[in-house]
Amino acid sequence: MSQPDSSPAERYDAQAIQEKWLPIWDELTPFRSGQPGDDRPKKYVLDMFPYPSGDLHMGHAEAYAIGDVPARYWVLKGFDVLHPIGWDAFGLPAENAAIKRGEDPARWTYENIATQRASMRRYACSFDWDRVLNTCDPEYYRWNQWFFVRMFERGLAYRKPSNVNWCPNCQTVLANEQVVGGLCERCDTAVTKKKLTQWYLRITDYADRLLDDMEQLEGNWPDKVLTMQRNWIGRSTGAEVNFAVEGREQPVTVYTTRPDTLFGATFFVVAADSDLAAELAAGAPALVQRQFAEYVEQVRATSDIDRLSTERPKTGVFLQRYAINPVNDERLPIFAADYVLADYGTGAIMAVPAHDQRDLDFARAFDLPVRVVVDTEADDPAITGVATPGDGALVNSGPLDGMAKADAIAHITALLEAQGQGAAAKNYRLRDWLISRQRYWGTPIPIIHCPSCGEVAVPDDQLPVTLPDSQGLDLSPKGTSPLGGATHWLSVPCPSCGSPAQRDTDTMDTFVDSSWYFLRYLSPQLDSAPFDVQQAQQWLPVDQYVGGVTHAILHLLYARFFTKVLHDLGLVEVQEPFARLLNQGMVLMDGSAMSKSRGNLVRLSDELAEHGVDAIRLTMVFAGPPEDDIDWADVSPAGSAKFLARAWRLAGDVTSAPGTDPANGDLTLRRVTHRVIAEADAAIASSRFNVAIARVMELVNAVRKAIDTGAGPADPAVREAVEAVAVLLSMVAPYTAEDMWQRLGHQPCVALAGFPVVDPALLVQESVTCVVQVDGKLRQRLEVSPGISADDLRELALADDVVQRTLAGRSVRTVVVREPKLVNIVAGD
RNA sequence: GCCCGAGUGGCGGAAUUGGCAGACGCAGCGGACUUAAAAUCCGCGGCCGAAAGGCGUUGCGGGUUCGACUCCCGCCUCGGGUACCA
């Protein structure tokens, strides 16, 4: 209506505002944290750091827009907020890209970092730019090596030969966690097995703590992530049982979670690819030896993907050897089969086909007996082909007969223990963390191999072991580390005896880098230690961690493990690094993940150029709950820009002076303002950022109305409301908010203006709408005083015309009164 | 197969402890302003009805309750995780 003349200068110009404020903020550095003398209480808000593969993309834009809300929120609430950023800069993609372009991986990486860094600054998150780190800097990875040596000294880092996951494309080994559905996590190539001697970190020593400490995270981490970690660690309890084997001196131990079914064992299986299988086969007749050799060959040739296929028929070879069941001295035929895994438990099992589906499938394939020992009241598995794993009374089980599962387990375990034939035992799915990589662009493993001293750690004062220049090295994947070609770098005297020795040529898994980066941020320049222990005490744990759910197992499990190791080393007090975790969703386009090959790629730089930084950030945060995916086809950055312009214009309409006391302002508007502040506050505190924005939009609508058709632009309540809009908006749209703040007559920075304080008196409504239901159906609304008594409200409702008409003479059976908001009248006949 | 999670208008989504379903926004429609358009501002938005009013409604079927998007039981659909872990 009464729009003021909009001269060109009065038009909202997102790009101009960005250019105007960025240099000013660079100068004012409002987000420096941990300055000496700063006695604000501390908060640590952490975003997962980016991998520098090209420029920032839509996914980054979402993640960092979301992470910035709690960071800026706590600043407004008066906290000294540590909100750092850095680059996860080592790794295969950088190296592969470098090989493709014939470039130095270091140069390629640092150029990408420079690009991302510039984009990140324009994106205007509240980062403390004094704390930036790159994991590929020697000043950083030196401490990876330092930690490795500490673990090596304690036996937590060790080398062992094993059948490892091998990616034929990346030409390197992979940790279990990096094999996804039989495919390489990075390049989707089918993973094969290879026998290699590799470095491991003994994460299995921490399995119980990693599992049990999750209790502390309950409610503060997404349930989904906790469940995934629990499943991954996969603790099970049961017993180990020793079986004598005919013609073998030592008994063979099996692990079972069902020792109660011991009397139901009818055969025995060893993993085909285990040493034990080879040994047992060697003692078998020649024909069996040939069959076995053929079978193992066939198993080896089966790819992991084929092994994963469901309903694969059971295969195996009878070794013509026998194990003796310790509880009843029965002779059990021993088979080699691939459904038993060499590296879980002991690689050998007792097979109880009646009560285990896999054993039953095998028994039916090989025509082996099935003996029921638990009466579950289900049909006979031998006939149905369906094993009965449930509970029930034990039968055919000698001393266990009549007992239920739990009793029988306790009983038989004690019995075996007494006879020295077994013991209670736990097992884990989790394996030790394989960290060797046969690639160039990573942290060199700080070990020197000496012919006489063996594995010798590089002394601390010789760290870091820096990467040799990539010039002249063959970086192409060939199955052994490129570092082996750096002859000058390779040969060193043994630190222990001085004789000629060689460096280890492998580099570390890059997940080592990200396992402790949140600690390095605390003192990124420190060169006498990985981090300042005092600082760690002040800042840890991270109050809010924000990142994608893709890291639910890998990164988060490793970082938790590192934290516990550092705790044991006396370096950190906490046992858990991340107190709260928020998993933001992904940005999709037309229902699927964006990719070049799909042709549905939306370029962040295009979106920013068209709509401005603030509009993109607002769109990301307003689209829905932060953990949900955003389909870019469903949202409207243009709508966001429109809203920002509308909010921005309000600032130009305010005619009262800065500092005007709002006390005498329009009461209706003031009530809206204070309700919005309170509700936005609560919404942000519970990570419902989209709701907080909806409230601010309500306030903007209310102020617009007040200016145009109500209190008018000079009313103090209008200023109060628009200032609240500016401050609240600064959490998602910092440029617009800062410009509004200036137009309102204030000095920068709005980010430090403080969270608007709610006047509780203004939250109390002078009247509330009471809904009156008859038989649960809404029939009338009454305006009543908030303090109305139950009796008064009942009378008022019953006396109402509409209510009486609806009752139409029927009797009133009950009246439920929830003063002051609801009355429900239940009618009789 | 097993383990989680989710189903609300044309769309994204909202709804303290069970208490006005659909906040806020997008798209749409109508109006004001304008010579006109853009921009802006206002309004509408499940169905029937001119209106008053009435009826319906949170994936489906049951249950608990004065009252259920919310709690319980049984299904259906979709999404995610996992994959012979003895």
Side-chain angles (χ1 to χ4, degrees), chain A residues 1-3 6 11-12 180-182 222-228 230-232 234-236 238 254-258 261 269 271 307-312 314 337-341 343-352 355-359 361-362 389 427-431 549 552-553 618-619 622-625 627-631 633-640 642-643 645-646 649 679 682-683 686 688 690-701 704-705 708-709 769-778 780-781 802 813-818 821-827:
Chain A
M1 276 179 65
S2 57
Q3 266 306 99
S6 45
R11 249 206 344 266
Y12 173 77
V180 181
D223 286 343
K224 184 180 162 183
V225 174
L226 294 177
T227 306
M228 282 169 73
R230 286 199 178 98
N231 291 342
W232 188 262
R235 179 165 65 194
S236 72
V254 303
Y255 172 73
T256 176
T257 55
R258 295 293 304 275
T261 61
V269 188
R307 288 190 68 153
L308 287 178
S309 74
T310 50
E311 302 299 311
R312 207 165 59 92
K314 293 278 181 288
D338 68 350
Y339 85 92
V340 170
L341 307 176
D343 56 354
Y344 182 80
T346 60
I349 63 155
M350 64 171 201
V352 185
H355 307 297
D356 182 286
Q357 190 60 48
R358 297 153 302 180
D359 294 344
D361 293 343
F362 191 88
N427 243 304
Y428 304 87
R429 228 184 72 113
L430 181 72
R431 311 289 154 78
V549 73
I553 298 175
L618 176 64
T619 303
F622 183 58
E627 48 280 327
D628 287 6
D629 290 345
I630 298 172
D631 193 326
D634 291 338
V635 295
S636 171
S640 298
K642 210 170 89 178
F643 164 73
R646 185 170 153 89
R649 256 181 266 117
E679 290 181 9
S686 54
R688 286 144 52 236
N690 54 326
V691 179
I693 292 171
R695 296 296 164 263
V696 177
M697 288 173 168
E698 281 179 46
L699 183 54
V700 167
N701 291 341
R704 182 76 268 155
K705 193 173 239 169
D708 290 347
T709 61
T769 306
C770 173
V771 295
V772 183
Q773 302 174 335
V774 176
D775 290 329
K777 273 191 178 154
L778 176 65
Q780 182 62 306
R781 292 161 202 272
V802 174
R813 201 191 305 162
T814 337
V815 181
V816 180
V817 182
R818 291 285 178 275
K821 290 176 75 177
L822 179 132
V823 176
N824 187 16
I825 296 160
V826 186

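Throughout, protein chains are lettered first and strands after them, A, B, ... in sequence-line order, and every chain is numbered starting at 1. Because the structure is predicted, anything quoted here is derived from the model rather than measured.
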Which listed nucleotide (B:G13, B:C66, B:A86) is nearest to the side chain of A:Asp356? B:A86
Any base atoms under 4.0 Å from A:Arg781, or only sugar-phosphate, or nothing? Heavy atoms, all strands. base
Does B:G22 fall in syn (glycosidic angle within 90° of 0) or anti? anti
Would you say the side-chain atoms of A:Asp359 pair up with the backbone N or O of A:Val352, donor to acceptor, closer than 3.5 Å? yes
Output yes when at least one side-chain N/O atom of A:Asn701 is less than 4.0 Å from OP1 or OP2 of B:C41, else no. no
Going by the angle between their ring planes, with limits at 30° and 60°, are A:Phe362 and A:Tyr339 parallel, tilted or perpendicular? tilted
Got a minute to check which stems RNA chain B is part of, using Watson-Crick or G-U wobble pairs under 3.5 Å, three or more consecutive? B:1-7 with B:76-82, B:10-12 with B:24-26, B:28-32 with B:40-44, B:46-48 with B:53-55, B:59-63 with B:71-75
Under 4.0 Å, heavy atoms only, any strand: does A:Arg695 hit a base, just the sugar-phosphate, or nothing? base
Check every strand shown and say whether A:Asn824 touches a base, only sugar-phosphate, or nothing at a heavy-atom separation below 4.0 Å. base
B:A86 phosphate, OP1 or OP2, under 4.0 Å from A:Tyr344 side-chain N/O: yes
Any N or O donor-acceptor pair linking the side chain of A:Lys821 to the base of B:C20 at under 3.5 Å? no
Within the 4.0 Å heavy-atom criterion, would you say A:Asp631 contacts the bases, only the backbone, or no part of the nucleic acid? nothing
Which nucleotide sits closest to the side chain of A:Phe622: B:A86, B:C41, B:G25? B:G25
Side-chain donor-acceptor pair under 3.5 Å between A:Arg646 and A:Asn701, yes or no? yes
So how far is it from A:Arg429 CZ to A:Tyr344 OH, rounded to the nearest 0.5 Å? 9.5 Å
For A:Val635, report the nucleic acid contact type (base, sugar-phosphate, nothing); a contact means any heavy atom under 4.0 Å. nothing
Has A:Lys705 got a side-chain N or O lying under 4.0 Å from the OP1 or OP2 atom of B:G43? yes
Would you say A:Arg230 reaches B:C4's phosphate, i.e. side-chain N/O to OP1/OP2 under 4.0 Å? no
Starting at the 5' end of RNA chain B, which residue's closest nucleotide do you reach first, A:Asp775 or A:Ala694? A:Ala694
Would you classify A:Ser640 as touching base, sugar-phosphate or nothing, given that sugar-phosphate means primed atoms plus P, OP1 and OP2, and contacts are heavy atoms under 4.0 Å? nothing
Residue A:Arg646, side-chain heavy atoms: nucleotide from B:C84, B:A83, B:C42 that is nearest: B:C42
Could you go through the side chain to side chain contact (heavy atoms under 4.5 Å, CB included) check for A:Val826 and A:Asp775 one step at a time? CA-CA 5 Å; A:Val826 186; A:Asp775 290 329; 3.9 Å; yes
Sugar-phosphate, base or nothing in reach of A:Val771, heavy atoms under 4.0 Å: base
State whether A:Lys777 places a side-chain N or O below 4.0 Å from either non-bridging phosphate oxygen (OP1 or OP2) of B:G56. yes
Considering every strand and a 4.0 Å limit on heavy-atom distances, what is the contact class for A:Ser636: base, sugar-phosphate, or nothing? sugar-phosphate
Candidate nucleotides B:C20, B:A14, B:C41, ranked by approach to the side chain of A:Thr769 - the nearest: B:C20
Send over the distance from A:Asp343 CG to B:A83 P, rounded to a whole Å. 13 Å
Please classify the nucleic acid contact of A:Arg235 as base, sugar-phosphate, or nothing, using heavy-atom distances under 4.0 Å. nothing
Are A:Lys224 and A:Val549 close enough, and set up right, to give a side chain to side chain contact (heavy atoms under 4.5 Å, CB included), and what steps lead you there? CA-CA 9 Å; A:Lys224 184 180 162 183; A:Val549 73; 4.2 Å; yes
Provide the distance between the two P atoms, one in B:A68 and one in B:G62, to the nearest whole Å. 14 Å
Using a 4.0 Å heavy-atom cut-off across all strands, classify A:Gln773 as base, sugar-phosphate, or nothing. base
Determine the contact category for A:Phe643: base if any of its heavy atoms lies under 4.0 Å from a base atom, sugar-phosphate if only primed atoms, P, OP1 or OP2 are that close, otherwise nothing. nothing
Rounded to whole Å, how long is the line connecting atom CD of A:Glu698 with atom C1' of B:G25? 11 Å
On the nucleotide B:C24, are OP1 or OP2 found under 4.0 Å from the side-chain N or O atoms that A:Asn690 carries? no
Let me spell it out: for each of A:Asp628 and A:Thr814, pick the nucleotide of RNA chain B with the closest heavy atom. Which residue's pick is nearer the 5' end? A:Asp628
Phosphate-side-chain proximity, A:Arg688 and B:U16, N/O vs OP1/OP2 below 4.0 Å: no
Short side-chain N/O contact to B:C41 OP1/OP2 from A:Arg649, under 4.0 Å: yes
